[in-house]
Amino acid sequence: MKLKKAISIIILVLLIDQISKIYIKTNFFYGEEVIVFDWFRIHFIENNGMAWGAEFGGKAGKLFLTIFRLFAITGIGYWLYTSIKKNAHTILIVAISLIFAGAMGNIIDSVFYGTIFNTPGGTNLATLFSEEPYGKLFFGKVVDMLYFPIWSGNLPSWLPFYGGKHFTFFNAIFNVADTSISTGVGLLILFNKKVFPKEL
């Protein structure tokens, strides 16, 4: 039963993640934003796959990051497999499944998107299965679109270092895969004692 639950979670997250990314990529211009609420917007950006859009080492760094992700997800997959075999707590299975699905979602972007999408320009949107893709295998960019600028304004002048400066909370733009990973990690933290019981 736990195996079926894990597979169902992974497939569901991957479907939502990839459908949302493909839709945004082929229907939004780069940088385009739709305001759903003041505190929630759809904002299309791309990055090379590191947290907060950070980059390092150019193409070599990008290749290293993608290969590292592949090794990491292999380890996560093994962790999920052994946890199911050991009949671990359901919350642990759900958490690992969410982390695995999220990691896989971003890996799909990093590995394949460079070979199936072109780069939009001017009044042209990106094309799926383009004859002139923007990159090569392992050099795709991760699509992000979920933006929650819950509060934006100038910080009080009495604050050290950042006083008087403009600040937005929450300023990160992310995707469904990132949300899945964060939720999985959050479950592990919240239910730490249940999922990792101390052996007497």
Side-chain angles (χ1 to χ4, degrees), residues 7-56 58-59 61-63 65-70 72-73 97-152 166-186:
I7 293 173
S8 298
I9 290 170
I10 292 168
I11 292 173
L12 180 62
V13 171
L14 283 175
L15 282 174
I16 296 172
D17 178 63
Q18 289 302 308
I19 289 171
S20 64
K21 287 174 176 175
I22 292 170
Y23 177 82
I24 292 295
K25 183 94 171 128
T26 55
N27 288 274
F28 278 59
F29 296 104
Y30 191 85
E32 183 178 351
E33 180 176 276
V34 173
I35 299 175
V36 181
F37 302 106
D38 287 340
W39 49 269
F40 172 50
R41 307 176 184 193
I42 304 296
H43 187 107
F44 171 36
I45 64 168
E46 293 178 304
N47 66 70
N48 280 330
M50 287 187 67
W52 313 106
E55 298 185 19
F56 75 100
K59 288 186 176 181
K62 167 63 177 172
L63 180 60
L65 177 64
T66 302
I67 292 174
F68 172 78
R69 283 173 176 268
L70 290 170
I73 200 169
S97 299
L98 288 169
I99 294 169
F100 181 90
M104 178 62 74
N106 285 334
I107 284 175
I108 291 171
D109 297 30
S110 296
V111 174
F112 298 110
Y113 273 26
T115 65
I116 62 175
F117 285 106
N118 61 354
T119 301
T123 58
N124 296 319
L125 296 167
T127 303
L128 180 61
F129 301 122
S130 170
E131 295 181 359
E132 298 180 354
Y134 70 79
K136 298 178 180 178
L137 201 67
F138 295 104
F139 288 95
K141 293 184 177 182
V142 176
V143 175
D144 292 324
M145 80 291 289
L146 302 177
Y147 182 34
F148 290 85
I150 296 171
W151 180 86
S152 183
H166 189 79
F167 179 77
T168 300
F169 178 87
F170 178 65
N171 200 36
I173 302 174
F174 52 99
N175 55 43
V176 173
D178 298 328
T179 305
S180 182
I181 294 171
S182 299
T183 303
V185 172

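Any value given below was found using the heavy atoms of this structure, including those in side chains, with hydrogens, waters and symmetry copies removed.
- Here CD1 of Ile67 is found 11.5 Å from OG of Ser110. Values are rounded to the nearest 0.5 Å.
- Using a distance-only test at 3.5 Å, with no hydrogens or angles considered, no donor-acceptor pair links the side chain of Asp178 to the main chain of Phe174.
- Here the CZ-OG1 distance, from Phe138 to Thr115, works out to 10.5 Å after rounding to the nearest 0.5 Å.
- Taking the six-membered ring wherever Trp is involved, the centroid distance between the rings of Phe44 and Tyr30 falls below 6.0 Å.
- Using a 4.5 Å cut-off on side-chain heavy atoms (C-beta onward), Thr26 and Leu125 make no contact.
- A heavy-atom distance below 4.5 Å is found between the side chains of Ile107 and Leu70.
- Distance check, rounded to the nearest 0.5 Å: CD1 of Ile45 to CD1 of Ile24 gives 12.0 Å.
- Taking both residues in full, the closest heavy atoms of His166 and Ser152 are given as NE2-OG, 2.9 Å, listed atom of the first, atom of the second, then distance.
- Residues Asp17 and Asn106 have side chains that never bring a donor and an acceptor to within less than 3.5 angstrom of each other.
- A heavy-atom distance below 4.5 Å is not found between the side chains of Val142 and Glu46.
- Shown here are the side-chain hydrogen bond (donor to acceptor under 3.5 Å, both in side chains) partners of Tyr147, two or more places apart in sequence or in another chain: Asn171.
- Side-chain N or O atoms of Asn118 include none that pairs as donor or acceptor with a backbone N or O of Ser130 at under 3.5 Å.
- Scanning both residues, Pro133 and Gly114, for their nearest heavy atoms gives CB-O, 3.2 Å.
- The distance from atom CZ of Phe167 to atom CH2 of Trp151, rounded to the nearest 0.5 Å, is 7.5 Å.
- The shortest side-chain heavy-atom distance between Phe28 and Val34 falls under the 4.5 Å cut-off.
- When every heavy atom of Ser97 is checked against every heavy atom of Ile9, the shortest pair comes out as CB-CG2, 3.9 Å.
- Ring centroids of Phe148 and Phe40 are separated by less than 6.0 Å, placing the two rings close together.
- Looking at Ile181 and Leu98, their side chains never come closer than 4.5 Å, going by heavy atoms from C-beta outward.
- Here the straight-line distance linking atom CG of Leu12 with atom CD1 of Ile7 works out to 13.5 Å at 0.5 Å rounding.
- Between the Thr168 side chain and the Phe170 main chain, no donor and acceptor come within less than 3.5 Å of each other.
- The main-chain N or O of Lys62 is found under 3.5 Å from a side-chain atom of Thr66 such that the two form a donor-acceptor pair.
- Shown here for Ala177 and Gly102, the closest heavy-atom pair between the two residues is CB-O, 3.2 Å.
- Look at Asp109 and Lys141 and you find no salt bridge, because none of the NZ, NE, NH1 or NH2 atoms lies under 4.0 Å from a carboxylate O.
- Interatomic distance, His43 NE2 to Asp144 CG, rounded to the nearest 0.5 Å: 10.0 Å.
- Taking the side chain as every heavy atom from C-beta outward, Arg41 and Met145 never approach each other to under 4.5 Å.
- Applying the side chain to side chain contact (heavy atoms under 4.5 Å, CB included) rule to Ile108 yields the partners Leu14, Gln18, Met104, Phe112, Tyr113; only residues at least two apart in sequence or on another chain are considered.
- Residues Ile42 and Val36 approach most closely at CG1-CG2, 4.1 Å, considering heavy atoms.
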